[in-house]
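Worksheet: one structure, shown below.
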There are 2 protein chains.
Amino acid sequence: MPNPTAAMLVIGDEILSGRTHDSNTHYLAGVLTKAGIDLREARVVGDHAPTIVSAIQTLAGRYDHVFTSGGIGPTHDDITADAVAQAMGRSIDVRADARALLEAHYQKAGIELNEARLRMARIPDGATLIDNPVSAAPGFVLGNVHVMAGVPSIFKAMVASVVPTLTGGAPMLSRSLDVHRGEGDIAAPLAELAARYPTLSFGSYPFQRQGAYGSNIVARGQDVAALDAALAEMQERFG
Amino acid sequence: MPNPTAAMLVIGDEILSGRTHDSNTHYLAGVLTKAGIDLREARVVGDHAPTIVSAIQTLAGRYDHVFTSGGIGPTHDDITADAVAQAMGRSIDVRADARALLEAHYQKAGIELNEARLRMARIPDGATLIDNPVSAAPGFVLGNVHVMAGVPSIFKAMVASVVPTLTGGAPMLSRSLDVHRGEGDIAAPLAELAARYPTLSFGSYPFQRQGAYGSNIVARGQDVAALDAALAEMQERFG
């Protein structure tokens with residue numbers, strides 16, 4: 001059975017303006033690879049409702065899971081929850097369970113749960129909350145869309161609580177070898193190797209270390225025996 | 001006149017598997033912001049021809065410029081040039097001018113220009129070459145699509161030669177202020193400020209430094225006088 005597929009949608013003007021470097025996609029990629037869920041696509045869009053709605057609809061229709069990052073805070077540019085509700089045809093309002101989480105958190109901290117903070121309790125009808133152990137404001141799952149915070153520490157905590165609930169496939173494994181030859185020298189034998197191991201995918205990535213050029217060859221797949229056999233061949237030919 | 005718009009397309013399985021962290025999008029975002037070109041969207045797709053073709057067609061139709069990164073090396077998984085040719089309805093073959101660049105480079109280095117390396121001279125019909133001062137293999141521009149290498153040092157060199165040739169708009173400028181208050185406390189006055197400065201966009205980004213929480217407020221726009229006035233108001237209210 002093929003692995004489930006997934007897409008990541010990063011939401012925020014600050015990524016596209018170059019103010020902020022997105023690290024959430026790379027983190028999610030590593031977690032999904034281990035879980036046997038194939039991340040097929042990632043997108044970054046700005047804080048613009050029609051663009052977010054359209055991206056959610058496209059990705060939710062195309063992949064088994066969509067993960068979003070960003071835009072669920074208290075300020076006027078945090079429009080992800082409303083956009084997801086619109087994309088999935090659900091109503092949205094402050095929900096009692098989310099409100100209770102915020103009330104408990106802010107009461108303990110001696111901070112007022114004002115109107116702006118209450119926006120973080122806006123949850124689409126039918127969604128399941130995702131726990132936020134850092135700052136209480138929850139993410140949510142609606143259909144196959146997992147809506148999470150952009151702050152990396154909170155994003156990671158939410159991923160840690162969401163991904164184990166998903167049915168993964170066989171984890172994608174890899175074997176890699178560094179060779180001190182240019183990609184142009186290994187390209188032909190590598191293509192030949194790839195043709196003989198059709199269940200694996202092969203990539204090669206040039207590097208430069210301490211002035212020396214080389215290539216990192218990576219074989220990926222789910223078949224351990226094939227991976228080990230391919231690695232042995234790679235070592236014999238290129239090592 | 002509104003600024004020209006752009007999209008970034010990162011191509012490579014290694015990004016989606018978590019092996020490699022894409023840094024090219026963040027770099028391009030900063031350069032385009034300074035040049036007055038609005039980066040509206042970024043996508044990452046794998047080494048899969050139909051997906052690349054479809055992404056190129058969508059993005060080239062939607063934005064003034066598309067920039068791609070990755071997949072123009074000598075190995076079997078480097079399929080970007082062929083995918084771009086297909087997306088734009090052009091034929092592709094080894095082209096004499098690109099071949100001459102590679103011949104000169106490899107002759108000087110005493111390295112054979114073999115069949116694999118010659119793949120890097122495959123250039124779509126009608127494209128203009130982009131200089132590669134690092135390793136000779138050129139990028140190219142076809143229509144509004146700028147095809148560049150994935151290796152960050154080469155990507156940066158190609159961006160440096162391409163972006164100055166594009167007609168930019170007014171650079172997007174910003175003013176920012178760190179305040180030691182939570183986003184929930186500044187959200188209402190910030191929304192009010194945003195409503196009174198309709199030519200600017202305002203964002204707020206939570207931070208935690210040395211145990212203290214705060215928010216970084218950013219105003220972005222092209223109108224220096226409005227930006228300075230907004231900053232003065234921000235300092236008065238939140239400073």
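So that the names make sense, note that chain A is the first sequence line, chain B the second, and so on, each numbered from 1.
For the set B:T33, B:I15, B:D185, B:N216, the count of heavy-atom pairs under 4.5 angstrom toward chain A peaks at B:D185. Note: B:A42 leads B:A42, B:G18, B:G30, B:G150 in heavy-atom pairs under 4.5 Å with chain A. Contacts with chain A were tallied for B:R119, B:M120, B:M172, B:E183; B:E183 has the most, counting heavy-atom pairs under 4.5 Å. The greatest number of non-hydrogen atom pairs below 4.5 Å with chain A, out of B:A29, B:G184, B:A6, is found for B:G184.
Between the side chain of A:T75 and the backbone N or O of B:S204, no donor-acceptor pair lies under 3.5 Å. Side chain of A:H76 to main chain of B:F202: a donor-acceptor pair is present (N/O by atom type, distance under 3.5 Å, no hydrogens or angles).
Between A:L16 and B:M8 the shortest side-chain heavy-atom distance does not fall below 4.5 Å. Between A:H21 and B:H21 there is a side-chain heavy-atom pair separated by less than 4.5 Å. Between B:S17 and A:L39, every side-chain heavy-atom pair lies at or beyond the 4.5 Å cut-off.
Neither the backbone nor the side chain of B:L9 comes within less than 4.5 Å of any heavy atom of chain A. Both the backbone and the side chain of B:A191 have a heavy atom closer than 4.5 Å to some heavy atom of chain A. With a 4.5 angstrom heavy-atom cutoff, B:V31 does not touch chain A via any of its atoms. Looking at B:T51, neither its backbone nor its side chain comes within 4.5 Å of chain A, counting heavy atoms on both sides.
Listed by chain and number, the residues in a salt bridge (charged side-chain N to carboxylate O under 4.0 Å, His left out) with B:R40 are B:D38 (sequence neighbours excluded).
When all heavy atoms are compared, the tightest approach of B:A187 to A:P74 is CB-O, 3.5 Å. Heavy-atom minimum distance, B:R220 versus A:E14: NH2-CA, 3.6 Å.
To the nearest 0.5 Å, atoms OG (B:S23) and NE2 (A:H26) are separated by 11.0 Å. Note that the CG atom of A:D13 and the OG atom of B:S201 stand 5.5 Å from one another [nearest 0.5 Å].
Proximity to chain A at a heavy-atom threshold of 4.5 Å picks out B:N114, B:A116 from residues 102-116 of chain B, in numerical order.
Within 6.0 Å of CZ on A:F207 lie more than 12 heavy atoms contributed by other residues, nucleotides or ligands.
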